[in-house]
Amino acid sequence: DTEVTQTPKHLVMGMTNKKSLKCEQHMGHRAMYWYKQKAKKPPELMFVYSYEKLSINESVPSRFSPECPNSSLLNLHLHALQPEDSALYLCASSQDQGFGTRTWQFFGPGTRLTVL
Amino acid sequence: RKEVEQDPGPFNVPEGATVAFNCTYSNSASQSFFWYRQDCRKEPKLLMSVYSSGNEDGRFTAQLNRASQYISLLIRDSKLSDSATYLCVVNRAPRTGGFKTIFGAGTRLFVKA
């Protein structure tokens with residue numbers, strides 16, 4: 001199994017809702033990532049988990065809360081989002097965060113989020 | 001100045017053309033380098049890693065110049081299917097630990113028949 005899966009594919013939520021995005025990989029990768037991508041822009045790193053511990057938090061607002069329940073799963077909990085948070089949310093994984101080729105990332109297809 | 005900068009594009013080329021993309025990075029602590037491609041409304045996919053000695057994969061050649069902090073991608077004999085956005089990606093280790101992945105803004109390529 002050489003893929004990263006994400007659910008849901010699309011999500012529409014109001015500013016008072018609480019929702020979660022899910023990501024799963026079964027490649028034995030020990031690093032997992034959340035990115036945000038706006039239209040015609042590159043992905044922007046949000047969070048990195050390495051061996052199930054949060055290793056990078058790119059000063060993301062607290063309305064985004066990541067969770068890594070085990071080495072295969074990564075969640076992103078959403079609460080009180082703003083319309084400007086509407087974007088494609090991409091999950092990725094890599095073998096680990098060592099050097100060289102071990103750090104190249106497989107991306108999931110993303111969740112397209114719309115905040116009304 | 002952005003940490004990873006690419007040619008702004010877009011590039012419009014005929015089939016069979018050779019096209020070169022350039023990328024520069026500003027942080028000398030950068031440690032690994034990649035080219036990804038992203039099709040419209042799809043996720044980025046690894047095209048190739050970039051090694052110090054340069055590397056080739058079929059029609060694609062990547063080069064790295066650490067002294068100049070410069071990365072390139074050459075595509076020979078362009079195909080219609082090469083039309084995509086090409087993203088230069090750099091990993092570096094911040095002082096606080098872990099690895100940061102920084103994407104360039106991407107260069108859009110249109111290959112026309």
Side-chain angles (χ1 to χ4, degrees), chain A residues 2-6 9-10 23 25 27 29-60 66 68 87-112, chain B residues 2-10 21 23 25 27 29-53 55 57 62 64 66 71 84-108 110:
Chain A
T2 56
E3 64 172 1
V4 176
T5 58
Q6 289 188 245
K9 286 188 178 178
H10 300 275
C23 174
Q25 57 87 14
M27 294 178 279
H29 288 175
R30 302 313 299 269
M32 295 185 76
Y33 310 75
W34 279 116
Y35 290 86
K36 174 182 177 179
Q37 187 173 26
K38 301 283 266 185
K40 299 187 180 181
K41 298 287 187 183
E44 290 178 39
L45 186 65
M46 298 174 73
F47 302 104
V48 182
Y49 274 82
S50 180
Y51 291 82
E52 296 149 62
K53 287 188 168 41
L54 184 65
S55 67
I56 299 275
N57 177 342
E58 289 290 86
S59 303
V60 178
C68 189
L88 179 68
Y89 288 84
L90 292 160
C91 174
S93 70
S94 64
Q95 193 172 339
D96 61 25
Q97 286 209 305
F99 293 96
T101 57
R102 301 207 303 274
T103 60
W104 66 264
Q105 296 168 34
F106 284 91
F107 281 82
T111 294
R112 201 160 293 278
Chain B
K2 293 182 181 174
E3 186 170 342
V4 178
E5 297 217 62
Q6 294 187 239
D7 292 329
F21 299 128
C23 173
Y25 60 95
N27 195 315
S30 300
Q31 292 174 319
S32 47
F33 310 91
F34 308 93
W35 285 101
Y36 283 74
R37 73 171 273 169
Q38 187 170 24
D39 294 285
C40 190
R41 299 184 72 81
K42 297 282 190 182
E43 72 274 21
K45 291 187 178 176
L46 180 74
L47 181 65
M48 54 200 306
S49 302
V50 187
Y51 304 122
S52 297
S53 54
N55 46 301
D57 182 2
L64 168 64
R66 285 188 187 268
I71 306 155
T85 296
Y86 289 83
L87 297 158
C88 175
V89 180
V90 170
N91 285 348
R92 65 171 171 84
R95 289 196 189 93
T96 48
F99 257 72
K100 286 187 69 167
T101 301
I102 302 103
F103 281 73
T107 304
R108 189 81 172 88
F110 295 94

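Reckoned from all heavy atoms, side chains included, excluding hydrogens, waters and symmetry mates. A quick note: this is a predicted structure, and the numbers were derived from the prediction, not measured. Order of the sequence lines fixes the chain letters, A, B, ..., with proteins taken first and strands second; residue numbering starts at 1 for each chain.
- For the pair B:T107 (side chain) and B:G9 (backbone), a donor-acceptor distance under 3.5 Å is absent.
- Here SG of A:C91 is found 9.5 Å from CD of A:Q105. Values are rounded to the nearest 0.5 Å.
- Residues forming a side chain to side chain donor-acceptor pair (under 3.5 Å) with B:S52 (at least two apart in sequence, or on another chain): B:R66.
- Contacts between residues 37-48 of chain A and chain B, counted as heavy-atom pairs separated by less than 4.5 Å, involve A:Q37, A:P42, A:P43, A:L45, A:V48.
- Identified under the side-chain hydrogen bond (donor to acceptor under 3.5 Å, both in side chains) test for residues 39-48 of chain B, with sequence neighbours left out: B:R37-B:D39.
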Side chain to side chain contact (heavy atoms under 4.5 Å, CB included) between A:E52 and A:R30: does it pass, once the steps are laid out? CA-CA 7 Å; A:E52 296 149 62; A:R30 302 313 299 269; 2.7 Å; yes
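- With sequence neighbours excluded, no residue forms a salt bridge (charged side-chain N to carboxylate O under 4.0 Å, His left out) with B:R108.
- With a threshold of 4.5 angstrom between heavy atoms, B:F33 does not approach chain A through any atom at all.
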